Amino acid sequence: YYRLPMFHTARSFLARASNPVKATLLVSALGYTLASDTPVEDDPNYELIQVQLISRHGLRTPQSEGRMPARYKDFDWKCVERNDHQLLISKDSSVIPFDHYKHGFENLTAPPVFGGKCGLAQLTHVGDYQAETLGKFLRLRYVDKLRVMKEYFDPEELFVRSTDTSRTIWTARQIWKGFYPDNTRKDDKLLIHVLNRLEENMYPRSCPRVTKLKEEISKSQEVLLRRQLVKNFFNEEHLEEDELKYWRTRNTMGACNNLSSLHLNQLPLPKGISGKEVEDLCELSGRLYSDIYTHEVISRLGIGRFLGDIRKRLDEAGDGRAKPFFIHYSGHDNTLGPLLNSLTIGNKQHPAMGSAIILEVWRNKESGEKYFQFFYYADEKFNRCKMEKCNGPVCEMKKLTDRIEELTPVDYDKECEL
C-alpha cells in the first residue's frame with residue numbers, strides 16, 4: 001500500500017473518463033482495480049440505499065520538529081496555499097467560510113517550518129493528488145457505473161464530517177473536488193461539519209483503563225521483539241548521531257508515517273533504508289495495530305463511540321434511499337486502524353495515508369432485508385473485505401449492527417475507570 005502513484009498517466013486517463021465504457025477502459029489501462037460486479041449489484045431486486053466513507057488524510061509533512069535533523073526541514077515538501085470560497089465549516093452552531101476558519105490553524109498561517117512553504121502536519125501536493133484521485137474513482141462507481149448519485153453536485157445528497165485539523169478538512173475538500181469537478185458545480189457550497197475537540201470520537205481519547213491495558217500489551221514478548229526489530233532498521237553505521245536519535249525515538253506507528261511521508265513525497269530516505277524496508281516497517285506497525293485493537297475492551301473504549309455514530313446513520317437507511325445518501329467521515333490512521341481490526345475486515349495493516357473504508361448498504365426490494373459490504377481503498381485499488389462472522393463480502397445487516405452494539409460503550413466515562 002505504499003507504492004508511488006502514476007501521476008501523469010492517472011491524471012490524463014481520469015480526465016477523459018466520463019462514462020461507464022471509458023471508466024472500464026480506464027481501469028484496464030492503468031491496471032487499477034475497481035469493485036467488480038457481485039450478485040447483489042447485478043440483481044435488479046436490490047438497491048443501494050446508503051454509502052458511508054471513512055477516509056484517512058493524504059500524505060503530509062511530519063507532525064513534530066522535535067529532534068528532527070535540519071536536513072529534513074530543508075527538503076522541498078511542496079505545499080500550496082489553501083483558499084476556497086465554496087468551502088464552509090460548521091462548528092458550534094456557526095457556519096464559517098474556510099478562508100476565515102483556516103486562520104485558526106497555525107500550520108497554515110505561521111511561517112513555514114519546512115522547505116516548500118510547508119508547516120507541521122500539512123497536506124502536501126501529493127496528498128492533494130491522493131484525495132482527488134479517490135474522489136474520481138468514487139465518481140466512476142456511484143455516478144458512471146451504478147448511477148445512484150447525480151452527475152452534478154447536489155449538497156443535499158451528502159453529509160461530510162471531519163476532525164478539526166487542516167489536513168483532514170482539506171482531504172475531504174479534495175475528495176469532493178475529484179468527485180464533483182468544477183464543470184459539475186455552480187456556486188454550491190461544500191459544508192464540512194467539525195466537532196469540538198472535547199466531543200470528537202473519531203479517534204481514541206485519554207481513558208485510564210485503555211492506558212493500563214496498552215501498557216500490559218506493550219510488555220508482551222512479541223511486542224518487545226517487534227520494537228527491537230524497528231530499532232534495527234536504523235543502522236548506526238549509516239546514520240549520523242542526530243538522525244539515529246531521531247529515528248530510534250519514534251514509536252513504530254510514527255516511524256511508519258514519517259518514512260512513508262518521505263518516500264511517497266519523493267524525498268530522500270535515511271541512508272540504509274529502502275522503499276522495501278519502509279513497507280516492512282509499516283507491516284510491523286500494522287501488526288501492532290492488530291495487537292491493540294483486536295482486544296475487545298480497547299476497541300470498545302477506543303473507537304466504540306464513533307461506531308455508535310456509524311450505527312445511527314445505518315438506522316437512517318430504512319425502507320428506501322437514505323437522506324443524505326452519502327456520509328463521509330474524514331479522519332486519521334487511528335480512525336481507520338481501530339475500525340479495520342475491531343470489525344475484523346482488515347487485520348494487521350497500518351492504514352496508509354490516503355486510504356479509506358467504504359461501507360455500502362443494500363436493500364432487497366421484495367423482502368425489505370438489508371445487506372452490507374465493505375471495501376478498503378489503498379494504493380489506488382478497491383479491495384472487497386469480509387467480516388469474520390460473514391460467509392462472504394455481502395452480508396446480512398444484522399451481523400454488522402450486532403457487532404457494533406457489542407463495541408459501543410453504554411457509559412463511556414464509567415467504563416474507562418480502573
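Values below: every heavy atom of this structure, side chains too, minus hydrogens, waters and symmetry copies. Keep in mind that what you see is a predicted model, and the values were worked out from it rather than measured.
- Using a cutoff of 4.0 Å between basic side-chain nitrogens and carboxylate oxygens, Lys365 and Glu47 are not scored as salt-bridged.
- Between Glu199 and Lys91 no salt bridge is recorded (no basic side-chain N to carboxylate O distance below 4.0 Å).
- Between the side chain of Gln122 and the backbone N or O of Gly119 there is at least one donor-acceptor pair closer than 3.5 Å.
- Between the NZ atom of Lys323 and the CD1 atom of Ile49 there is a distance of 13.0 Å, given to the nearest 0.5 Å.
- Using the six-membered ring where Trp is involved, Tyr377 and Phe382 have ring planes that are tilted, between 30° and 60° apart.
- Under the 3.5 Å distance criterion, the side-chain polar atoms of Arg403 are left unmatched by any main-chain donor or acceptor of Thr344.
- Donor-acceptor pairing under 3.5 Å is recorded for the side chains of His328 and Ser55.
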Asn232 and Gln228: CA distance, side-chain angles, deciding distance, side-chain hydrogen bond (donor to acceptor under 3.5 Å, both in side chains) verdict: CA-CA 6 Å; Asn232 292 343; Gln228 185 58 47; 3.1 Å; yes

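- By the 4.5 Å heavy-atom criterion applied to side chains, Leu53 and Leu138 are counted as neighbours.
- With no hydrogens or angles considered, no side-chain donor-acceptor pair links Ser285 and Thr252 at under 3.5 Å.
- Applying the salt bridge (charged side-chain N to carboxylate O under 4.0 Å, His left out) rule to Arg250 yields no partners; only residues at least two apart in sequence or on another chain are considered.
- Within the 6.0 Å centre-distance limit, the rings of Phe114 and Trp77 are counted as a close aromatic pair.
- A salt bridge between Lys214 and Asp291 is absent, with no side-chain N of the basic residue lying under 4.0 Å from a carboxylate O of the acidic one.
- No donor-acceptor pair closer than 3.5 Å links the side chain of Glu277 to the backbone N or O of Phe233.
- In this structure, Gln266 contributes its side chain and His263 its backbone to no donor-acceptor pair below 3.5 Å.
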As a quick check of understanding, evaluate salt bridge (Lys or Arg N to Asp or Glu O under 4.0 Å) for Glu241 and Lys245, giving each step before the final call. CA-CA 6 Å; Glu241 185 176 350; Lys245 284 182 178 179; 3.5 Å; yes

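- Between the side chain of Arg227 and the backbone N or O of Val230 there is no donor-acceptor pair closer than 3.5 Å.
- Using modelled atom types, one finds no donor on one side chain facing an acceptor on the other under 3.5 Å when comparing Thr294 with Asn341.
- Side chain of Lys370 to main chain of Glu396: no donor-acceptor pair is present (N/O by atom type, distance under 3.5 Å, no hydrogens or angles).
- Considering OG1 of Thr249 and CG of Asn251, their distance stands at 9.5 Å, rounded to 0.5 Å.
- Using a cut-off of 4.0 Å between Lys/Arg side-chain N and Asp/Glu carboxylate O, Asp309 and Arg313 are scored as not salt-bridged.
- Side-chain atoms of Ser90 never come within 3.5 Å of backbone atoms of His193 as a donor-acceptor pair (strictly under, hydrogens ignored).
- Residues Thr408 and Arg305 are not in side-chain contact: their nearest non-hydrogen atoms beyond the backbone lie 4.5 Å or more apart.
- Glu222 has a carboxylate O that lies under 4.0 Å from a charged side-chain N of Arg226, or vice versa, which qualifies the two as a salt bridge.
- Ring centers of Tyr371 and Tyr46: under 6.0 Å apart, within the cut-off.
- Classification of Arg300 and Glu296 as a salt-bridged pair fails, no side-chain N sitting under 4.0 Å from a carboxylate O.
- Using modelled atom types, no side-chain atom of Asp379 and backbone atom of Lys381 make a donor-acceptor pair closer than 3.5 Å.
- Under a 4.0 Å N-O distance rule, the pair Asp315/Arg311 qualifies as a salt bridge.
- Residues passing the side-chain hydrogen bond (donor to acceptor under 3.5 Å, both in side chains) test with Asp76: none are found, sequence neighbours excluded.
- In this view, Asn235 satisfies the side-chain hydrogen bond (donor to acceptor under 3.5 Å, both in side chains) rule with no residue, not counting sequence neighbours.
- When Arg82, Lys177, Arg167 are each tested for a salt bridge (Lys or Arg N to Asp or Glu O under 4.0 Å) with Asp128, only one passes: Arg82.
- Counting only residues at least two apart or on different chains, the ring-ring contact (aromatic ring centres under 6.0 Å, His included) pairs with a member in residues 92-111 are Phe98-Trp170, Tyr101-Phe105.
- No more than 12 heavy atoms of other residues, nucleotides or ligands sit less than 6.0 Å from atom CD of Glu240.
- Side-chain N or O atoms of Arg209 include none that pairs as donor or acceptor with a backbone N or O of Val297 at under 3.5 Å.
- In terms of the side-chain hydrogen bond (donor to acceptor under 3.5 Å, both in side chains) criterion, residue partners of Lys73 (sequence neighbours excluded) are, by chain and number, Glu65.
- For His332 and Thr163, the side-chain atoms include at least one donor-acceptor pair closer than 3.5 Å.
- Note on residues 273-311: pairs passing ring-ring contact (aromatic ring centres under 6.0 Å, His included), not counting sequence neighbours, are Tyr289-His350, Phe306-Tyr329.
- At least one cation-pi condition fails for Arg384 and Phe374: the charged atom is not both under 6.0 angstrom from the six-membered ring centre and inside a 45 degree cone around its axis.
- Considering only heavy atoms from C-beta on, Ile327 comes within 4.5 Å of Pro324 through its side chain.
- Classification of the Tyr72-Tyr246 ring pair by plane angle, with boundaries at 30° and 60°, yields tilted.
- Here the shortest heavy-atom pairing between Leu88 and Pro97 reads CD2-CA, 3.8 Å.
- The existence of a salt bridge linking Arg67 and Glu243 is excluded, since no basic side-chain nitrogen approaches an acidic carboxylate oxygen closer than 4.0 Å.
- Checking Glu132 against Gln130 by side-chain atom types alone, no donor-acceptor pair falls below 3.5 Å.
- Proximity of a side-chain donor or acceptor of Arg139 to a complementary backbone N or O of Phe179 within less than 3.5 Å is detected.
- Between the side chains of Thr168 and Thr171, not a single donor N or O lies within less than 3.5 Å of an accepting N or O.
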